[in-house]
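See below for the structure under consideration.
Since the model is a prediction, treat every value here as computed from it, not as a measurement. Note that ligands are numbered from 1 as they come in the structure, with each ligand's atoms numbered from 1 the same way.
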Amino acid sequence: MNIIHQDSFQSNLVADEIQDNFRRQVAGAHFSYAKPRIPSSPALLHFSPELAQTLGFGEEFTSSDDFLAIVTGAKVAEDSRPYSMCYGGHQFGHWAGQLGDGRAINLGEVSHKDKSWLLQLKGAGETPYSRSADGLAVLRSSVREHLCSEAMFHLGVPTTRSLSLCLTGDEVLRDVMYDGNPAYEKGAVVCRVSPSFIRFGNFELLSSRKDIDNLKLLVDYTIKHFYKDIDLSAENAYIQFFESVVKRTLDMIVHWQRVGFVHGVMNTDNLSILGLTIDYGPYGWLEGFDNDWTPNTTDKQNRRYRFGNQPPIALWNLYQLANALFPLINDVKPLESALDKFKSEFIIERIKMMKAKLGLVNEDTGDEDLINQIEVVLSLSECDMTIFYRLLANVDQNDNSEDALQIINEAFYIADYIKADIKSKWLNWFDSYLNRLKKQSISNEDRKIEMNKVNPKYVLRNYMSQLAIDKADNGDYNLIEELYTLLKNPYDEQPGLNKWFAKRPEWARNKVGCSMLSCSS
Ligand code: AMP
Ligand code: MG
């Protein structure tokens, strides 16, 4: 069982000298050894065969008792020495000090076809970083993380992955709405997979402690293993590193805005240094297009992490990373210009992305205005983002604006848009859009094909996860499989599964889990 071996992070970086799971402040180290808790009655609910294949796991292994034991923490593979990472972070704009993997334990590395992946259990019990919490995860949040990680991957969004979803057989106490009504829920463990789980917060904590030697070790390690095109011996290697992190983060955020994903907790401890979407907690998907929407109840008042604020928050987080790296660079200018570049590049990349969503394939001076205006009209009444863009591909450039509005009619939740003032704005927008389409030579059919490559037909709507969770809670896991299969091909028509190409049903509008979520997972 030497499928999982120690990874480069633990062999190159500094381990905490204490080898126990008890909670503590860990100084002078990058990680602490931690033992996964033995689950009382582990059961595999679902796994991703595609990811297993990527890891080189054959069917014989994934259907074995060993597989279940390893991905639940019941057994530690021979060459694996599990550990949790030490990191800090800015939470909701404030420095929070040491956080660390409070309920995540890295098992080690799997190598296959010249690639290496780190396997990490989430919810396998207490670690030195559990602070006042229990290190456990519940079924509902684990279903959400498992399904969404894989859905995002298949949408083409940079993300960590999820290999498996298991029940532990243990009960976990949670106060879902923080209203003094705790209840027992089923405990679960997800096995996450990523080249690395290093976050902005790993660098921030070392820097805040003025532990510059360990900061340098971590930066050098990250460059050497994950930014291989940077020559570490170059004088400006650290600047190049920061510029590359800026670029990868920007790329991830543009994808989020493209598919309508709202992370919900963009604290710096939840931003991957590889620009991967990480830590699926109270995330959500836009239904009615709304720049102000956030799924996170904890953030209801300030809406710091609302959809429209994700790009500036990513930049804010990059400022914190720049501050953390400063002691190695000692020059403000190149850091500032990399941060400025985020702003200018975001404008360019957003226009590129939005043009693709609208099916605009050549250049026109009015495009920026057309793009800004569609977000304005989409916000006038509750209009489903995913359905709107998908139906927009059916518009013929020779339609008149009334016909075009009829084609996207199904995207509206309420019939508000027929109010004269709103309707006239829609008709005006369509007039401009249809005129714009006439300025390019691509056929309607080809434009539709191109648009359908960037506008998904199916996303993991919040109520869909909740339906799968409710069923799973009653022992029925079929819907997890159905959604998993559906979301493997989010851009395909999949006529047999058309029922998921639908607006959120009314019963889900204000239901817990379908509209708002708490961090209490
Ligand atoms: P999050 O914002 O959910 O990613 O978590 C913020 C911090 O809280 C991280 O350090 C997590 O490891 C920790 N944390 C969250 N939930 C738990 C839990 N149930 N037990 C221990 N630590 C947790
Ligand atoms: Mg986190």
When you measure from the heavy atoms of [X] to every atom of ligand 1, does any distance fall below 4.0 Å?
{"X": "Asn267", "value": "no"}
{"X": "Arg131", "value": "yes"}
{"X": "Arg174", "value": "yes"}
{"X": "Gly281", "value": "no"}

TODO: Rounded to the nearest 0.5 Å, what's the gap from SG on Cys166 to CG on Leu139? Could you check?
DONE: 11.0 Å

I'd like to check which ligand 1 atoms, numbered from 1 as shown, lie under 4.0 Å from a non-hydrogen atom of [X].
{"X": "Leu136", "result": "19 (N)"}
{"X": "Gln91", "result": "6 (C)"}
{"X": "Asp279", "result": "4 (O)"}
{"X": "Asp269", "result": "6 (C)"}
{"X": "Asp134", "result": "18 (C), 19 (N), 20 (N)"}

Open item on the list: Is the distance from the ring center of Tyr33 to that of Phe31 below 6.0 Å?
Closed with: yes

Task: More than 12 heavy atoms of other groups within 6.0 Å of Asp65 CG - done: no

TODO: Inspect the surroundings of CZ in Phe92 and state if more than 12 heavy atoms from other residues, nucleotides or ligands are less than 6.0 Å away.
DONE: yes

Between the side chains of [Y] and [X], is the shortest nitrogen-to-carboxylate-oxygen separation below 4.0 Å, so that they form an ion pair?
{"X": "Asp134", "Y": "Arg37", "value": "no"}
{"X": "Lys216", "Y": "Asp213", "value": "no"}
{"X": "Arg140", "Y": "Glu185", "value": "yes"}

Open item on the list: With a cut-off of 2.8 Å, does Asp269 put an N/O/S atom close enough to the Mg ion (ligand 2)?
Closed with: no

Open item on the list: Any N/O/S atom from Asn270 (main chain or side chain) under 2.8 Å of the Mg ion (ligand 2)?
Closed with: yes

TODO: Please report the C-alpha distance between Lys488 and Tyr458 in whole Å, then the side-chain angles of each, then the deciding distance to 0.1 Å, and finally whether the side-chain hydrogen bond (donor to acceptor under 3.5 Å, both in side chains) criterion is met.
DONE: CA-CA 10 Å; Lys488 257 192 316 195; Tyr458 304 104; over 6 Å; no

TODO: Determine, step by step, whether Met464 and Trp500 satisfy the side-chain contact (heavy atoms from CB on, under 4.5 Å) criterion, reporting the C-alpha distance in whole Å, the side-chain angles of both residues, the deciding distance to 0.1 Å, and the verdict.
DONE: CA-CA 8 Å; Met464 290 160 64; Trp500 300 118; 3.6 Å; yes

Task: side chain to side chain contact (heavy atoms under 4.5 Å, CB included) partner of Leu167, the single match among Thr72, Leu44, Leu45 - done: Leu45

Task: Selection from Met266, Arg103, Gln98, Arg199 by shortest heavy-atom distance to atom 16 (N) of ligand 1 - done: Arg103

Can you find an N or O of [X] that's nearer than 3.5 Å to an N or O of ligand 1?
{"X": "Ala133", "result": "no"}
{"X": "Val265", "result": "no"}
{"X": "Asn270", "result": "yes"}

Open item on the list: Please give the atom name: the N, O or S atom of Asp279 nearest to the Mg ion (ligand 2).
Closed with: OD2

